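Keep in mind that what you see is a predicted model, and the values were worked out from it rather than measured. Order of listing sets the numbers, starting from 1, for every ligand and every atom in it.
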Amino acid sequence: MNYKLAPLTDHETGAEILGLDLREPVGAELRKALNAEFAKYHVLVFRDQKLTSPEFAHAGEIFGELMSHHHKDVREGHPEVYRVLNEEVAPGKYRINGGSFHTDHSNHPVPPKATALHPVSLPSSGGDTQFVNMHNAYDDLPEATKHRICGVKALHVFESKFSPRKLRPLDEESRKQLPPPTWHPIVRVHPENGRKAIYINPVRIEAVENMTVDEALALVAELLAHATQKKYEYRHKWRYGDLLIWDNRSVLHQANGDYDMKQVRHLHRIMIKGEPVVAAEPEAVAA
Ligand SMILES: [Fe+2]
């Protein structure tokens with residue numbers, strides 16, 4: 001295949017891909033190979049791309065059909081390309097989109113397979129995006145915890161009243177199109193690599209079945225603390241020309257607000273449609 005892949009960590013979380021120009025047509029064989037790399041590494045970084053909004057949207061289609069964002073008022077240059085920008089919400093006060101670990105749009109009944117970003121303007125330093133591998137985090141859980149959480153569902157809403165951060169408010173049109181709250185398993189099975197993954201989102205989970213609020217919050221906090229250890233992380237330092245795509249079924253991600261907010265951090269964002277979330281079978285109790 002006419003590209004070069006280099007892993008970005010020693011734990012199969014993130015790989016960079018060199019030697020492709022995503023404005024060029026991508027044939028069936030290359031598409032299949034890239035999707036296989038994606039299922040293995042969960043985060044791919046295509047270097048040295050220079051894409052207009054329509055070209056970025058088209059490149060995203062290597063991984064599937066585009067999915068609409070729930071904020072309808074931030075489209076930029078293409079119906080499914082959205083703007084990510086550090087916004088001053090009050091004098092000297094900024095909102096960082098995605099500023100705590102989450103998986104995208106998990107309040108949807110069929111959440112996105114993937115999200116991709118392509119920078120327009122970057123701060124001179126900082127503003128990295130962090131990813132943690134939820135397959136590896138699941139594999140390392142104590143057997144008793146696996147048994148406790150497999151088959152258990154959590155309720156995802158647009159913005160949980162327990163969310164660690166305030167989300168950008170929805171405008172009228174966006175609110176009308178929001179799906180009703182939805183239950184998803186806490187452990188899901190990846191449809192392509194077959195691996196189990198912890199599927200949590202502290203921004204959106206408002207309840208866990210058969211648990212009190214305190215128990216539910218404690219469980220999410222316990223799983224988050226485990227999963228966000230550095231040994232599961234790939235931290236992406238942005239370069240112009242990156243097309244970064246991640247698998248929302250395999251990783252959590254967060255943006256960093258550790259840069260001078262007077263500098264513009266502006267990226268284009270697309271999402272790829274997923275499939276209904278498949279629950280992992282309950283784990284057998286060890287004899
Ligand atoms: Fe996000």
Side-chain angles (χ1 to χ4, degrees), residues 13-14 38 42-45 56-57 60 63-64 66-76 80-87 89 94-108 110-120 122-123 126-134 137 154 156-160 162-170 174 178-179 182 184 188 197-205 220 224 227-228 232-238 242-259 265-274 277:
T13 313
F38 191 56
H42 324 299
V43 181
L44 296 180
V45 185
F56 177 39
F63 297 93
L66 299 181
M67 176 174 171
S68 286
H69 196 283
H70 42 215
H71 286 293
K72 308 297 177 199
D73 54 338
V74 288
R75 294 183 170 115
E76 205 157 78
E80 304 302 358
V81 174
Y82 295 83
R83 179 178 65 238
V84 175
L85 192 64
N86 52 331
E87 292 175 284
V89 289
Y94 292 83
R95 181 190 298 113
I96 310 300
N97 296 307
S100 69
F101 275 109
H102 65 285
T103 178
D104 285 333
H105 284 47
S106 66
N107 57 310
H108 282 243
V110 183
K113 163 184 174 174
T115 305
L117 293 172
H118 185 50
V120 177
L122 294 169
D128 299 350
T129 305
Q130 288 165 271
F131 300 91
V132 284
N133 186 323
M134 302 305 272
H156 296 243
V157 302
F158 173 70
E159 182 172 358
S160 168
F162 308 114
S163 172
R165 61 184 157 91
K166 278 264 156 258
L167 298 183
R168 189 172 184 277
L170 291 161
S174 309
L178 212 57
T182 186
H184 290 304
R188 67 182 297 176
I198 304 170
Y199 190 64
I200 52 165
N201 188 350
V203 175
R204 305 204 195 275
I205 289 181
V220 173
L224 187 71
T228 53
Y232 304 126
E233 183 181 286
Y234 165 61
R235 183 170 182 131
H236 183 68
K237 291 191 182 308
W238 285 96
D242 288 346
L243 185 158
L244 174 75
I245 184 164
W246 66 87
D247 192 328
N248 284 302
R249 307 163 300 186
S250 303
V251 297
L252 295 187
H253 63 282
Q254 75 170 3
N256 277 270
D258 59 349
Y259 55 96
R265 183 179 183 272
H266 177 192
L267 302 101
H268 282 162
R269 179 188 196 277
I270 51 172
M271 290 190 301
I272 311 299
K273 286 183 181 172
V277 179

Without hydrogens or angle criteria, can the side chains of T228 and E233 be said to hold a donor-acceptor pair below 3.5 Å? no
What protein N/O/S atoms sit under 2.8 Å from the Fe ion (ligand 1), by chain and number? H102 NE2, D104 OD1, H253 NE2
Aromatic plane relationship, H71 with F158 - under 30° parallel, 30 to 60° tilted, over 60° perpendicular: perpendicular
Donor-acceptor check, side chain of N248 to backbone of T103, threshold 3.5 angstrom: yes or no? no
Indicate the ring-plane relationship of H118 and F56, choosing parallel, tilted or perpendicular according to the 30° and 60° boundaries. tilted
Considering only NZ, NE, NH1 and NH2 on the basic side and carboxylate oxygens on the acidic side, decide whether E76 and R269 come within less than 4.0 Å. no
Side chain to side chain donor-acceptor pair (under 3.5 Å) partner of H253, chosen from H102, H236, Q130: H102
